[in-house]
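Accompanying notes for the structure given below.
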Amino acid sequence: MTFSLAPTAIAAGYRLEAHDSVGSTNAIALERAANEDRGRLWVVSKRQESGRGRRGRAWATPEGNLAATLLLVEDYNLKLAATLGFVAGLALADALAAVVPNRIAVAVDGGGGRGDRFELKWPNDVLANGAKLAGILLESSLRPGNRVALAIGIGVNVVAHPEDVPYPATSLRALGFPGNAETLFLALSDAWAENVRIWNGGAGMADIRQRWLDRAAGLGSEVAVRVDGNVVRGVFETIDEDCRFVIRANGDIIKIAAGDVHFGAVASAGAA
């Protein structure tokens, strides 16, 4: 099976560049932008040799996993462009709900009756059973005319997940998913087209924010957030209109623009 775009994505003007193996799909996308690509380009691969996550961390993509980057070249301000990471999270959650068989989805949900739910962890992870299934990384560069080239990288553990990481991780195969990266990407390209339509250049951000909160991991629970070497603890209240992480700590409301969030026992231990 080969990678392909959904008809909705093609109709919306998206294009596809598929590879068997790459160094980094984000790097390729930004290279295309430097060479005057007009954007709306998906760069995808089933193997990535030098992928990276937030804060320069390595992101492994062995054969059969999905590495996908969407390149957009638009007249965005960076604050608005950053909200597209939340659009990407919703698109991936919708794609997973579309392709994962119901029996597996129920197992992911713990049998609680909300079988299509994969949770979104602020700011850029997708979880299943509390374990990291996917990560999203936004990178950007400025183009002539004050345009922004935005690379939205999406990495999904389809057939394998890392074992030597300091957090729980899982893969779709470990959950019993019989499908492949190509099937998931087809659904992702369709779900992106729908979610970015809702986003509507930022005008629909209130709807995106509410949809994201409906799938938010840890909402209302104790969390610890590591920010610049310090740990802030409190209760996860919401995300605000700028998608900042909002917690209540000792009666005070704290808004966090960037940090590493920890739940449960790790939060209680201070996100050590």
Do the side chains of [X] and [Y] join up, straight or via other hydrophobic residues, at under 4.5 Å, putting them in one cluster?
X     : Y      : result
Val99 : Leu186 : no
Phe86 : Leu219 : yes
Leu16 : Tyr14  : yes

How close do His161 and Ala174 get, heavy atom to heavy atom, and via which atoms?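 Shortest heavy-atom contact: CE1-CB, 4.1 Å.
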With distance as the sole criterion, is a donor-acceptor pair present between the side chains of Gln48 and Thr25 under 3.5 Å?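 Their side chains do contain a donor-acceptor pair, which is all the 3.5 Å distance test asks for.
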Do [X] side-chain atoms and [Y] backbone N/O form a donor-acceptor pair below 3.5 Å?
X      : Y      : result
Asp75  : Arg147 : no
Arg226 : His262 : no
Asp242 : Arg244 : no
Asn35  : Glu31  : yes

CZ of Arg173: more than 12 outside heavy atoms within 6.0 angstrom?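 For Arg173, atom CZ is not crowded (no more than 12 foreign heavy atoms under 6.0 Å).
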How far does [atom1] of [X] sit from [atom2] of [Y], to the nearest 0.5 angstrom?
X      : Y      : atom1 : atom2 : result
Leu90  : Ile198 : CG    : CD1   : 8.0 Å
Thr69  : Ile152 : OG1   : CD1   : 9.0 Å
Glu139 : Leu71  : CD    : CG    : 12.0 Å

For the aromatic rings, using the six-membered ring if either is Trp, is the centroid distance between Trp42 and Phe185 under 6.0 Å?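 Aromatic pair counts; centres sit under 6.0 Å.
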Should Glu74 and Leu80 count as side-chain neighbours, where that means a heavy-atom distance under 4.5 Å?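 Side chain of Glu74 against side chain of Leu80, heavy atoms only: no contact under 4.5 Å found.
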Would you say Glu222 and Val235 make side-chain contact, with heavy atoms under 4.5 Å?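 When only atoms from C-beta onward are counted, Val235 and Glu222 do touch, with a gap below 4.5 Å.
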For the side-chain contact (heavy atoms from CB on, under 4.5 Å) test, which of Thr238, Val261, Val232, Asp252 pairs with Ile247?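 By the side-chain contact (heavy atoms from CB on, under 4.5 Å) criterion, Ile247 pairs with just one of Thr238, Val261, Val232, Asp252: Val232.
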Between Phe236 and Trp122, is a ring-ring contact (aromatic ring centres under 6.0 Å, His included) present by the stated rule, with each step listed? CA-CA 10 Å; Phe236 176 20; Trp122 186 90; 8.3 Å; no
